[in-house]
S.K.: 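The structure under discussion is supplied below as structure tokens; questions concerning it will follow.
What you see below is based on every heavy atom in this structure, not just the backbone, and it leaves out hydrogens, waters and symmetry mates.
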Amino acid sequence: MSTETKRLVVGPFNRVEGDLEVRLDVADGEVRQAFVNSPLFRGFERILEGRDPRDALVIAPRICGICSVSQSHAAALALAGLEGIAPTDNGRVATNLILATENVADHLTHFHVFFMPDFARAIYEDRPWFATAARRFKAAQGESVRRALATRATLLHVMGLLAGRWPHTLAIQPGGVAKGADARDQMRLIATLGAVRADLEERLYGAPLERVAEIADVAELEAWRQAGPDGDFRLFLEIAADLDLARLGRAHDRFLSYGAYALDEGRLYTGGTFANGRAKGLDPAAITEDHSFARMEGREAPHPPFEGSTFPDGADETGYTWCKAPRLSGLPFETGAFARQVVAGHPLARDLAAREGANVRARVVGRLVETARTLIAMEGWVRQLHPGAPWCAQGAMPQSGRAFGLTEAARGALGHWMVVEKGRIARYQIIAPTTWNFSPRDAVGQPGPLETALVGAPIRQGETTPVSVQHIVRSFDPCMVCTVH
Amino acid sequence: MSTETKRLVVGPFNRVEGDLEVRLDVADGEVRQAFVNSPLFRGFERILEGRDPRDALVIAPRICGICSVSQSHAAALALAGLEGIAPTDNGRVATNLILATENVADHLTHFHVFFMPDFARAIYEDRPWFATAARRFKAAQGESVRRALATRATLLHVMGLLAGRWPHTLAIQPGGVAKGADARDQMRLIATLGAVRADLEERLYGAPLERVAEIADVAELEAWRQAGPDGDFRLFLEIAADLDLARLGRAHDRFLSYGAYALDEGRLYTGGTFANGRAKGLDPAAITEDHSFARMEGREAPHPPFEGSTFPDGADETGYTWCKAPRLSGLPFETGAFARQVVAGHPLARDLAAREGANVRARVVGRLVETARTLIAMEGWVRQLHPGAPWCAQGAMPQSGRAFGLTEAARGALGHWMVVEKGRIARYQIIAPTTWNFSPRDAVGQPGPLETALVGAPIRQGETTPVSVQHIVRSFDPCMVCTVH
Amino acid sequence: MSTLAREPFTVLWLQSGGCGGCTMSLLCAEAPDLAATLASANIRFLWHPTLSEETGDEAIALFEAVLAGEVRLDALCIEGALLRGPNGTGRFHTLAGTDTATIDWARRLAAVAEHVVAVGTCAAYGGVTAAGVNPADACGLQYDGRRPGGALGAAFRSRSGLPVVNVAGCPTHPNWVTETLMLLASDLMRAEDLDSYGRPRFYADHLVHHGCPRNEYYEYKASAEKMSDLGCMMEHLGCLGTQAHADCNTRLWNGEGSCTRGGHACINCTAPEFEEPGHAFLETPKIGGIPVGLPTDMPKAWFIALSSLAKAATPDRLRRNATADHVLTPPAVRDIRKR
Amino acid sequence: MSTLAREPFTVLWLQSGGCGGCTMSLLCAEAPDLAATLASANIRFLWHPTLSEETGDEAIALFEAVLAGEVRLDALCIEGALLRGPNGTGRFHTLAGTDTATIDWARRLAAVAEHVVAVGTCAAYGGVTAAGVNPADACGLQYDGRRPGGALGAAFRSRSGLPVVNVAGCPTHPNWVTETLMLLASDLMRAEDLDSYGRPRFYADHLVHHGCPRNEYYEYKASAEKMSDLGCMMEHLGCLGTQAHADCNTRLWNGEGSCTRGGHACINCTAPEFEEPGHAFLETPKIGGIPVGLPTDMPKAWFIALSSLAKAATPDRLRRNATADHVLTPPAVRDIRKR
């Protein structure tokens, strides 16, 4: 049966961070083309211009309340680059803890608050798992939703201890952190993480974190679904199998990660790219932004961020979003927890990537596996803190210079590019994870990862806000206030 | 079959507050005679002598950490009596809230932490309800035990808000309270109590508090057991029916309450006595303590507390406890939540008293019904606070005088009798609820309520710490550090 | 009295030119958690972008029902600044799916709401979104920085007769928001309970300095000189705690935290135009060596006199610890006898 | 590293001449709750009088097994003072069911324990139980008031080589106890982590005054004169916060509480012999009109000079509010500009 192409405009798109609109061309019960619109522009890159460079630590985090610490880390890295210093050991480990806390909290928020409630929608009431899903994941009310929020609040006590508060702490400094921890703080951290572990092991995974972190391939994942321990993870696997979520939302299968959590040597999750079955290093100089379909001036050519600009053009007609299109060596890349685990070489992530590429199920599984891995690492970091040793190296800001800060936020690769002149910020460019994932088409018409992932999504009769589209969109855990800032 | 009388000494008796020993004469599979020993003597009444009367607010609460606020209230009432002042309205209401918080917390602790875990003992593994009881009430681990502790901790935030901390606050003063509350404190109190209500309604009662408070007679209680909402309350009723706990642990059925929670007029729970089906007023002058079987000097005659003394006699052979025997008009009385509700005229309590007297089931039910009633009242009190109006009336301490303070602690009637001479405490006598309940025999050989309640308790083959005895003892929610101070 | 006697207090929450951090903070409500807190006062979210199931059409239908008066709206909460640009069109934020500027949605909904609540400094005054050159022409609901005005205008009063309730803070503490809603739901918030910038006085009548653990350092002006030092951050590191209206050090954040407990200055985030202090945030501006920001109500000269004396009297312990990142000299253990 | 790799750290808890309040407080552990906190460090209670199932014989059998070396005992926790009376027999507390003085049980168990922990001021120094005429001849495990000695003697060292760890406080804060146990379980508590009275320095190196919300009143010596006043309680109402070694105002109790937050003086409950201050607890003794208890390390004259200056400089707001039970004058709202 062939029908006319219909246009659907979906929005406001909630249970994502910030406001999002998706335009769909629909025909024959499926999406033919998708256009992603980031409808909010604030202009942070302009707000930062002319300020004392260190003020970036105050302003940049306020780009986004859900990945505020990542923003501040990117800024601190850029400042450290300018000052030519590195954090002390304690500073590095404490920063890891602060970052990891935000990332784990975000993963928990995403799974329980943003993503799963869609399966408690009435549209699924005929599914065998519906009663359980509804009981646990009804938006704002489900048992697991509430328990997860409580656990998230407990987890964020790490912020109270190490960073003062969250979001928007000034704790992360170029030379480390603003506050030391003593042995009793270590104990409180252990207790806090222990409580988080206990809840996740009981409710989410039904098993020790270690078992989740060790799932080695798709077969084991399948076994977990069939006979694994009870818990929301297994419930998701069941739903995914029933709804075939592994077939939904595949994009380009090109993965990008800047690498996360500096260790004594190297990183906990190594960075780079992964595409076509191969991992590669990364050349930051190959990153550009294309303004062709962004309502931004400067469409002539893609911009390396150090030369980037942000002049909104309200009158522009071709642009359909405030979002620029970042490209690595001219190609769109997907970023996020799944990408990070693929790049870092986690066996299950690699196996998933090899067998089915990125999709709704893979992205969610990637996030849940990473959550377990990160929490385990955090417990170790707490013990690596060394009360009595220094927490913050001191540096001096040069009158001019340029530096970037690359880090991994919950949603993936985040970069800040800062240019200082006469002691003031002359240029500041930010490329956030969702900027990569939800980028519009570029000069050569390449759609961004989400735009690609939506093609082929099934639309049911009469749906105006198609549920499959929602699953795909939310599988990226988008943050629209990061996307455009 | 006729057997010899055997003597059992049971102790250490835990999951009661403080240390307790019970001596039993057992024959033919049941208890023939019981002797209660309170093995710890500290001498608070002597410690208080010679001090500034106001220091009682520091010293007296430290008699007991579980009813510390009640002790401080009794002391404050005595001081107010000496100073001839009364609390301001705000002071009265805030005091009610502080007291009620402790009392409700104590009731929750008793039910979940002290009492119910006995039903998770292996001895009951053949009962149909055992699996549920074990899952929810295994000592220190059961789900309900842990949830209740969390709820108790939340409830005690009322103390953080109104009293600084718990136990051992100096918030309650003769003229009111040491700290005012503002409108935002009222909101926090509402939220705190709301959270407590929510947990109890979900887990303990399975129904709105109001429904519990309104259970009007034994028939309705029975209906609740048979077809009431799921929850730990109903589980208890089931267990009680199966084990016939309503036949266990009856004492003299003479009930005493000093009356609890001063209202604008009268009290929330009216005081007095109830015996032989009749409620009567109370003449504090008829209260005496008898030392015949306490290891205390002064055995010649019972002492009115204003003339009382506390001279331990370590060499005494007839005494079998450090506990004196309080008597009202020469008779032993039972006190506690059930007694309080009976005296106050709660229809269910009265019906229980009429049909079966006090017993293990009745005492526990009394506590649970009171918990609901008190929480409802607390919500109202929060709204009666009047930020801006005065919180603490000021008074002056006379050089000499005498006064008593009578209040209701969780476990029942608590009295402090203070005599001041030359501006110093010349005599201080304390009769705590468990002093009444766990009193030894008196000059005419009348055993105390527990001693009476234990007679006839069934002993199983080979038991050295008979479980029926444990149920009966714990049904009183004894506090041994109050009993002897 | 049970709180369940009356109709629920309904809340509709929109986000515009902000970072979503106020909501992220709100979800940190604890003891009790957000759901229990709201339930205790019978507050119901009609819709909240982070929490609600309804997406797209479902959500828009609800907004329309509110505008049509079919659904009562007790409180309209706006998070994020209102964007007037470009050129007064407000199209720097059109509410997705509606092709209508969010600032217009806000104005229409405010007209039918019993109360209007600005959640966060952005929504109250413009906040960080209005910093620098204010590219998006951002403002607050009823203020444009310190100037009354903003999206609804200085004269605006909601149906209840109250002006916009400015729960300022960047982010807001979860319970500044819940307690404001509870007070409104309990009918306990009057105009005189708001301060001169429309902030609820229950938290704005405190100073951040109250309860700061660095108080003893402050008393002797034993000052931190660099990030991670233990001393007071007022003299050198930009702390505005003695002037900032908020209860951060008595209420605490994320367990035991607060900005100054976290080792960084209070940057006065509850104040209009905090985003433009006129100097680097983490540096105290001085004139003639004297910090320019001085405690509220404190005559400067007195402060100076006291400070210099205090510095002279500073115990060695505090002098040493102030510029260290962990305690070098603990307080002496002395027996407290009668003198 | 998962904490579950090693054997559980076992704890046996006995109560003697105390009020049980330290346990009651312990059960208030939050964020996370007690069970989760202990589990996070793999700490297991072999027996605790309030929590354990085992009663009577079952409990005694366990104690015997510990004494016999069949069950490893990592920490013996004692709550409550040890009673020596009457006449050195200890029979003012015989452990129920055993006809043996509890002080003897404590001595025998201490001999086989890896660590010995005194929970609460009673167990540490005698505390309130030893107040006044000390009717029961109470003492602490290793102190008799301020004097070393007590039930185990000054020379006692547990198997680990540590003296008794005195988690003093009346009651102890739940997390003073849990953190002490966790530090012991993590092997992070050394002799130098205890102060001169054997208290863990992690909390005893703080002063209660740190973080007291009345700090601004203190700064100006704007003093409360009667209970329920808002001012600082040091000058008249007996507050020893400036001398008391504890972190009560940074750690907080029961949510947002602490003694001084609750409107009453800190009575220095973590100190030996706090129970006998030599004056009424809620009254400040003075010499020549000057409070005798002065902040740790503070030269008196400086204090006097500073105080009189500060009093002269006290802003009206603080002067008025100090003796009121609610804020009469809120801090002024002033714009912080570039000056």
S.K.: Please determine, among A:A150, A:C482, A:G43, A:A178, the option with the most heavy-atom pairs under 4.5 Å with chain C.
M.R.: A:A178

S.K.: Okay, side chain of A:R42, backbone of C:G18: is any donor-acceptor separation there less than 3.5 Å?
M.R.: yes

S.K.: I'd like to know which of C:G80, C:G257, C:G56, C:S25 tops the heavy-atom pair count under 4.5 Å against chain A.
M.R.: C:G56

S.K.: Go through A:M159, A:H168, A:R46, A:R295 and name the one with the most non-hydrogen pairs under 4.5 angstrom from chain C.
M.R.: A:H168

S.K.: Examine whether an atom of A:A389 lies under 4.5 Å from a heavy atom of chain C, and if so say whether it belongs to the side chain, the backbone or both; otherwise answer neither.
M.R.: backbone

S.K.: Of all of C:G132, C:C28, C:P171, which one pairs up most often with chain A through heavy atoms under 4.5 Å apart?
M.R.: C:P171

S.K.: With distance as the sole test, does C:E256 use its side chain to make a donor-acceptor pair with the main-chain N or O of A:L161 at under 3.5 Å?
M.R.: no

S.K.: Heavy-atom cut-off 4.5 Å, strictly under: side chain, backbone, both or neither for A:V22 against chain C?
M.R.: neither

S.K.: Tell me whether C:E58 is salt-bridged to A:R121, with the criterion being a basic N under 4.0 Å from an acidic carboxylate O.
M.R.: yes

S.K.: Among the options C:A131, C:C170, C:G17, C:G263, pick out the one with the most heavy-atom pairs lying under 4.5 Å from chain A.
M.R.: C:C170

S.K.: Heavy-atom distance under 4.5 Å to chain A: side chain of C:L83, backbone, both or neither?
M.R.: side chain

S.K.: A:V9, A:V145, A:L149: which one forms the most heavy-atom pairs within less than 4.5 Å of chain C?
M.R.: A:L149

S.K.: Just give me the residue among A:L40, A:L155, A:V16 that pairs up with chain C most often, heavy atom to heavy atom, under 4.5 Å.
M.R.: A:L40

S.K.: Heavy-atom pairs under 4.5 Å with chain A - which of C:P135, C:A96, C:G262, C:S258 has more of them than the others?
M.R.: C:A96

S.K.: What part of A:L156 is in contact with chain C, defined as an atom under 4.5 angstrom from a non-hydrogen atom: side chain, backbone, both or neither?
M.R.: both

S.K.: Highest number of heavy-atom pairs under 4.5 Å with chain C: which of A:I66, A:V113, A:V10?
M.R.: A:I66

S.K.: Give a yes-or-no answer on whether the side chains of A:D182 and C:H326 include a donor-acceptor pair shorter than 3.5 Å.
M.R.: no

S.K.: Side chain, backbone, both or neither: which part of A:T464 has a non-hydrogen atom closer than 4.5 Å to chain C?
M.R.: both

S.K.: Roughly how far, to the nearest 0.5 Å, is CG of A:L108 from CG of C:L27?
M.R.: 12.0 Å

S.K.: A:W322 versus chain C, heavy atoms under 4.5 Å apart: side chain, backbone, both or neither?
M.R.: side chain

S.K.: Does C:E53 form a salt bridge (Lys or Arg N to Asp or Glu O under 4.0 Å) with A:R15? I'd like the steps, not just the answer.
M.R.: CA-CA 8 Å; C:E53 179 176 299; A:R15 278 180 292 110; over 6 Å; no

S.K.: Do C:H264 and A:Q173 meet the criterion of a side-chain donor-acceptor pair at a distance under 3.5 Å?
M.R.: no

S.K.: If you count heavy-atom pairs under 4.5 Å with chain A, which of C:C259, C:S52, C:A59 comes out on top?
M.R.: C:S52

S.K.: Please round to the nearest 0.5 Å and tell me the distance separating atom CZ of A:F114 and atom CG of C:L51.
M.R.: 8.5 Å

S.K.: Under a 4.5 Å heavy-atom cut-off, does chain C meet the side chain of A:L20, its backbone, both or neither?
M.R.: backbone

S.K.: Which bit of C:D57 is near chain A, if near means a heavy-atom gap under 4.5 Å: side chain, backbone, both or neither?
M.R.: both

S.K.: Check A:R165 against C:N254 and note the closest heavy-atom contact, atom names and distance.
M.R.: CA-OD1, 3.3 Å

S.K.: Working to the nearest 0.5 angstrom, can you tell me the gap between A:K179 NZ and C:D229 CG?
M.R.: 14.0 Å

S.K.: What I'd like to find out is whether the side chain of C:T55 reaches to under 4.5 Å of the side chain of A:P12, using heavy atoms alone.
M.R.: no

S.K.: With only heavy atoms counted, which part of A:P390 is less than 4.5 Å from chain C, the side chain, the backbone, both or neither?
M.R.: both

S.K.: Side chain, backbone, both or neither: which part of A:Q470 has a non-hydrogen atom closer than 4.5 Å to chain C?
M.R.: side chain

S.K.: C:T98 and A:E21: which non-hydrogen atoms are nearest, and at how many Å?
M.R.: N-OE1, 4.2 Å

S.K.: Look only at the side chain of C:R261 and the backbone of A:G160, and say whether a donor-acceptor pair between them is shorter than 3.5 Å.
M.R.: no

S.K.: Taking the basic N atoms (NZ, or NE/NH1/NH2) and the acidic carboxylate oxygens, is any pair closer than 4.0 Å for C:E283 and A:R54?
M.R.: yes

S.K.: Are the side chain of C:D325 and the backbone N or O of A:W391 linked by a donor-acceptor pair below 3.5 Å?
M.R.: yes

S.K.: Taking only Lys NZ, Arg NE, NH1 and NH2, and the carboxylate oxygens of Asp or Glu, determine whether C:E276 and A:R51 approach each other closer than 4.0 Å.
M.R.: yes

S.K.: When you measure from the side chain of A:D19 to the backbone of C:Q15, do you find a donor-acceptor pair of N or O atoms at a distance under 3.5 Å?
M.R.: no

S.K.: With chain A as the partner, which of C:C122, C:A136, C:C269, C:A324 has the greatest number of non-hydrogen pairs under 4.5 Å?
M.R.: C:A136

S.K.: Heavy-atom cut-off 4.5 Å, strictly under: side chain, backbone, both or neither for C:H48 against chain A?
M.R.: backbone

S.K.: I'd like to know if the side chain of A:N14 reaches the main chain of C:T50, judged simply by a donor and an acceptor atom lying under 3.5 Å from each other, with no hydrogens or angles considered.
M.R.: no

S.K.: Tell me, for C:A224 versus chain A, whether the close heavy atoms (under 4.5 Å) come from the side chain, the backbone, both or neither.
M.R.: neither

S.K.: Among A:A315, A:G11, A:G18, single out the residue with the greatest number of heavy-atom pairs under 4.5 Å to chain C.
M.R.: A:G11

S.K.: For a 4.5 angstrom cut-off between non-hydrogen side-chain atoms, does C:M24 reach A:R152?
M.R.: yes

S.K.: Working note: C:V128 + A:I59, criterion side-chain contact (heavy atoms from CB on, under 4.5 Å); need CA distance, chi angles, decisive distance, verdict.
M.R.: CA-CA 7 Å; C:V128 167; A:I59 303 293; 4.2 Å; yes

S.K.: Taking all non-hydrogen atoms of both residues into account, name the closest pair between C:G20 and A:E17 and its distance.
M.R.: CA-OE2, 3.4 Å

S.K.: Hey, are C:E275 and A:R62 close enough for a salt bridge, meaning a charged N less than 4.0 Å from a carboxylate O?
M.R.: no

S.K.: Heavy-atom cut-off 4.5 Å, strictly under: side chain, backbone, both or neither for C:I267 against chain A?
M.R.: side chain

